[in-house]
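Note that the structure is predicted; figures quoted are calculated from it, not measured. Within every chain, numbering begins at 1; the chains are lettered A, B, ... in the order of the sequence lines, protein sequences first and strands thereafter.
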Protein chains: 2
Amino acid sequence: MRLSTKGRYGVTAMMDLAIHDNAGPVTLADISQCQGISLSYLEQLFSKLRKAKLVEGVRGPGGGYRLSRPAEDINIAEIISAVDEKVDVTKCNQEGNCQDGMRCLTHDLWMELSERLYSFLAGITLAQFVNRPGIHELAIQRDKINGRFILARRQAEVLQQQRKAS
Amino acid sequence: MRLSTKGRYGVTAMMDLAIHDNAGPVTLADISQCQGISLSYLEQLFSKLRKAKLVEGVRGPGGGYRLSRPAEDINIAEIISAVDEKVDVTKCNQEGNCQDGMRCLTHDLWMELSERLYSFLAGITLAQFVNRPGIHELAIQRDKINGRFILARRQAEVLQQQRKAS
DNA sequence: CAATATCCTACTAAATTAGTCAGGAATTAT
DNA sequence: ATAATTCCTGACTAATTTAGTAGGATATTG
């Protein structure tokens, strides 16, 4: 009973996007460096996230990825499903043909577990999780350690523009 | 997010023991044939189940395995833990050293998920599951199809002895 | 054009899972 | 006693999945 790194990486990366959402697109190179995930591997994951319409890619310099919806509307179950296949612990993919074309004795158990698992994860939005006490502080601390100055600069620019506009 | 066959096999096999609990020990050869699991593989699983004190082996002819405790006192989480390692979706085995010796941003999420997962599974006893409507009937049907006459005979003998004793 | 990014496909290495094989040890029936 | 039955153990292997590489194409900005 475990979660592959694919799912964990996916959620972690999405949280990164959510945290830096106001500072424009985040590059995979950035995430790769900070979270210690290989760039190419991240590209594969984001390809899936993009196909699931959870993120949007922006090409070219200054580009990167951003959430395609507000963090309030993205839940953990979606992310894991997109990246790590289904959240499902049955053998038969819920089809009930687990043993000789019939439902095996434990089929109902796995079905129920799968459902509960999914709804637990579906009940947690990115926003909810990012807004937990301490998370933002922890993230900023991390960014400093990792020398994520680009993001800091961008974030400052965005604030300036907002001031101009008002 | 998935369950390996180890865990599934383990639970399925334990259910088999629970269902045939009144008919004396169940041989692995029997389970192997009926559930379509290789005998040697079952032996490995049962070695773990035995070490976790969930089953007892009875050697010699007429031997097999039986539950070491009443089915009411055995829950699904124990079985999976015994056979398939921990029920845990964190990267760091709950130690909180997931990223550079610090807790990663998603650590709390995985911790909470692991806990909920475990307590869900721990809340289901073998007995509860075996006593679900339809399960016993399904099992008897299966036994007939699989020609599990040995067990049927034994079950009859047990009943006779009980009658004599009373 | 040059630099920066995403995007895409195919390949490879490592780890895990699932299983096999070969034998030994305990128990019971004959 | 001995043969049959069954658990028990460890080492080995094949298949699958996971994780990661490599290399290049495409789009965008300055």
Side-chain angles (χ1 to χ4, degrees), chain A residues 1-10 12-13 17 24-33 35-68 80 83-86 88-89 91 150-151 153-154 157, chain B residues 1-10 12-13 17 24-33 35-68 80 83-86 88-89 91 150-151 153-154 157:
Chain A
M1 183 97 261
R2 34 176 278 275
L3 185 69
S4 67
T5 60
K6 237 186 263 180
R8 248 191 310 264
Y9 284 176
T12 308
L17 295 199
V26 178
T27 70
L28 293 190
D30 224 342
I31 298 178
S32 162
Q33 216 180 354
Q35 315 274 5
I37 310 171
S38 101
L39 179 58
S40 302
Y41 200 43
L42 271 176
E43 284 177 343
Q44 286 174 42
L45 296 184
F46 270 79
S47 163
K48 291 184 180 183
L49 291 173
R50 202 170 50 86
K51 276 169 194 156
K53 312 224 167 178
L54 293 173
V55 299
E56 287 174 346
V58 180
R59 290 181 160 193
Y65 281 96
R66 67 161 70 99
L67 300 180
S68 64
I80 294 185
V83 138
D84 196 34
E85 280 85 67
K86 304 260 158 246
D88 179 17
V89 297
K91 179 188 196 178
I150 312 132
L151 279 170
R153 216 179 306 143
R154 269 199 208 145
E157 282 169 16
Chain B
M1 182 98 260
R2 31 176 282 275
L3 186 69
S4 68
T5 60
K6 236 187 261 178
R8 248 195 308 265
Y9 283 175
T12 307
L17 296 198
V26 179
T27 69
L28 292 190
D30 225 343
I31 297 177
S32 162
Q33 218 181 351
Q35 315 273 5
I37 309 170
S38 103
L39 179 59
S40 301
Y41 200 43
L42 271 176
E43 282 175 344
Q44 285 174 41
L45 295 184
F46 271 78
S47 163
K48 292 185 178 182
L49 291 172
R50 202 170 51 84
K51 275 168 195 155
K53 311 224 168 176
L54 293 173
V55 300
E56 286 173 349
V58 181
R59 290 177 161 194
Y65 280 97
R66 67 162 71 100
L67 300 179
S68 65
I80 294 185
V83 138
D84 195 33
E85 280 82 70
K86 303 262 158 244
D88 179 16
V89 296
K91 179 188 195 175
I150 313 132
L151 278 170
R153 215 180 305 139
R154 268 200 208 143
E157 283 170 17

Practice task
Ignoring hydrogens and angles, tell me if any N or O in the side chain of A:Thr5 forms a donor-acceptor pair with the backbone of A:Arg8 under 3.5 Å.
Solution key: no
Problem - D:dT9 OP1/OP2 closer than 4.0 Å to side-chain N/O of B:Arg50 - result: yes
Handout entry: Expected output: side-chain B:Ser32 to main-chain B:Ile37 donor-acceptor under 3.5 Å
Key = yes
Completion exercise
side-chain contact (heavy atoms from CB on, under 4.5 Å) test vs A:Tyr65 passes for just one of A:Ile31, A:Leu28, A:Leu49, A:Val26, namely A:Leu28
Handout entry: Gap between atoms CD and C1', on A:Gln44 and C:dA13 respectively (whole Å)
Key = 14 Å
Exercise for the section: Could you tell me the separation between the CZ atom of A:Arg8 and the P atom of D:dT18, rounded to a whole number of Å? Expected result: 12 Å
Exercise for the section: Say whether, by atom type as modelled, one donor and one acceptor occur between the side chain of B:Ser68 and the main chain of B:Glu56 under 3.5 angstrom. Expected result: no
Practice task
For A:Tyr41 and C:dA15, give me the distance from atom OH to atom P, rounded to whole Å.
Solution key: 14 Å
Handout entry: Whole angstrom value for the distance that separates P of C:dC7 from CG of A:Leu28
Key = 8 Å
Completion exercise
Whichever of A:Gly60 and A:Leu39 has the more 5' nearest nucleotide on DNA chain D, that residue is A:Leu39
Handout entry: Gap between atoms NZ and P, on A:Lys6 and C:dT16 respectively (whole Å)
Key = 15 Å
Practice task
Could you tell me whether a side-chain N or O of B:Ser47 sits under 3.5 Å from a main-chain N or O of B:Glu43, the two making a donor and an acceptor?
Solution key: no
Handout entry: Touch class at under 4.0 angstrom, heavy-atom based, for B:Ser40 against every strand present
Key = base
Completion exercise
Taken to the nearest whole Å, CD1/B:Ile37 to C1'/C:dT17 is 14 Å
Exercise for the section: Mind calculating the distance between CD (A:Gln33) and P (C:dA5) to the nearest angstrom? Expected result: 12 Å
Practice task
Describe the nucleic acid contact of B:Tyr65 in one word from base, sugar-phosphate, nothing, applying a heavy-atom distance below 4.0 Å.
Solution key: sugar-phosphate
Practice task
For A:Tyr9 and for A:Arg59, locate the closest nucleotide of DNA chain D by heavy-atom distance; then report the residue assigned to the nucleotide nearer the 5' terminus.
Solution key: A:Tyr9
Exercise for the section: Please report, rounded to the nearest Å, how far the P atom of D:dC7 is from the CG atom of B:Leu49. Expected result: 13 Å
Exercise for the section: Respond yes when some side-chain nitrogen or oxygen of B:Ser38 is under 4.0 Å from OP1 or OP2 of C:dT20, and no when none is. Expected result: yes
Practice task
Classify the side chain of B:Glu43 and the base of D:dC8 as holding, or not holding, a donor-acceptor pair under 3.5 Å.
Solution key: yes
